[in-house]
Number of protein chains: 2
Amino acid sequence: MGITKSNLFSEEQNRLSTLLKVLAHPARIAILQHLASTPGCINTDLVQELGLAQATVSQHLKALKEAGIIQGSIEGNCLCYCIDTERWQEVKQQIMSFLSEIA
Amino acid sequence: MGITKSNLFSEEQNRLSTLLKVLAHPARIAILQHLASTPGCINTDLVQELGLAQATVSQHLKALKEAGIIQGSIEGNCLCYCIDTERWQEVKQQIMSFLSEIA
DNA sequence: AATATTCATCGTAATATTGCGATATTAAAA
DNA sequence: TTTTAATATCGCAATATTACGATGAATATT
């Protein structure tokens, strides 16, 4: 089928898996790492940095934005993305909680 | 295309994303949670527990096994799966290291 | 005003994932 | 030895993801 049977699982299991899925791509990992290490959050740089097409990068940014992990603010001509630190703490907490639950 | 351009990213970024992808499914999360909470690691129970078809559960187990996270040992008629604790520590370490790298 | 730059979105193609029935395979049980 | 039970694997269908070119919308530059 290709569709995950979310109804079989708990709210929390679904939420966690959705979150992990967003992080489970090297481009999105690279974007987060770059945004973390670059104080003034740059955007077009990412296209250069990653070597992916602009449309593709934009798509990855959208996924991160929809998960609430990053935020964009308009800065004249440019869009300035940066990590939502508060939300990231939440994300971190949820994942770490799962990790330590296992063993 | 649908194919991730792994060559654009570092070994570590690829390794991490592969790991996260394995965890990014509610059924596999549920399996790990069940194996963690059930001392004698049971298998067919999972089919009942999850409500997915046997073939589907078997597939998810395979994914976890290939990632080295669980191990199966033959126990007469049954296959007995349990978490590879040592490997799980490694997995945990890698993910946590990434999480704290960001913010 | 005309042009250039930045970014989002649409449409599309290629590939991956999810799920399951059917069918092996293997070992216990009858 | 036949049957039953437990798993794995194959093959397929449905859906999701990844990637990109083309295009559009908005602002900056000339």
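Chain naming here is simple, since letters A, B, ... match the order of the sequence lines and numbering starts at 1 in each.
The nearest whole Å value for the distance from the CG atom in B:Leu23 to the P atom in C:dT18 is 12 Å. Distance, A:Leu64 CG to D:dT18 P: 11 Å, rounded to whole Å. One interatomic measurement links the two molecules: CG of B:Asn14 to C1' of D:dT18, which rounds to 14 Å at whole-angstrom precision. The distance between atom CG of B:Leu46 and atom C1' of C:dG19, rounded to the nearest whole Å, is 16 Å. C:dA16 atom C1' lies 14 Å from atom NZ of B:Lys62, rounded to whole Å. Here the C1' atom of nucleotide C:dT5 and the CG atom of A:Leu79 are 13 Å apart, to the nearest Å.
OP1 or OP2 of D:dC20 lies within a sub-4.0 Å distance of a side-chain N or O belonging to B:Lys5. Contact between the side-chain N/O atoms of A:Tyr81 and the OP1/OP2 oxygens of C:dA8 is found at a separation under 4.0 Å. Phosphate contact (OP1/OP2 of D:dA16, side-chain N/O of A:His25, threshold under 4.0 Å): absent. Listed pair B:His60 / C:dG19 meets the phosphate criterion, a side-chain N or O lying under 4.0 Å from OP1 or OP2. The phosphate of C:dC20 (OP1 or OP2) has a side-chain N or O of B:Thr56 nearer than 4.0 angstrom.
For the pair A:Ala55 and B:Lys21, nearest-nucleotide mapping onto DNA chain C gives the more 5' position to A:Ala55. For the pair B:Gln54 and A:Ile74, nearest-nucleotide mapping onto DNA chain D gives the more 5' position to B:Gln54. Residue A:Asp45 is the one, among A:Asp45 and B:Gly51, whose nearest nucleotide of DNA chain C lies closer to the 5' end (criterion: closest heavy atom).
Not a single donor-acceptor pair under 3.5 Å links the side chain of A:Thr38 to the backbone N or O of A:Leu35. The backbone N or O of A:Ile70 sits nowhere less than 3.5 Å from a side-chain atom of A:Arg87 that would complete a donor-acceptor pair. Side chain of B:Lys92 to main chain of A:Ala103: a donor-acceptor pair is present (N/O by atom type, distance under 3.5 Å, no hydrogens or angles).
Counting any heavy atom pair closer than 4.0 Å across all strands shown, B:Ala53 reaches sugar-phosphate atoms only and no base atom.
Closest contact between the side chain of B:Ile3 and the listed nucleotides D:dT9, C:dA8, C:dT15 involves C:dT15. Taking the side chain of A:Asn77 as heavy atoms from C-beta on, and the options C:dT9, D:dA8, C:dT5, the nearest nucleotide is C:dT5. Side chain of B:Gln59, nearest nucleotide from C:dA8, C:dT18, C:dG21: C:dT18. Residue B:Leu52 has its side chain nearest to C:dC20 when only C:dT18, D:dA19, C:dC20 are considered.
Taken from NZ in A:Lys5 to NE2 in B:His25, the straight-line distance is 11.0 Å, to the nearest 0.5 Å.
Checking B:Ile29, B:Val22, B:Leu19, B:Ile95 one by one against A:Leu20, the side-chain contact (heavy atoms from CB on, under 4.5 Å) holds for a single residue, B:Ile29.
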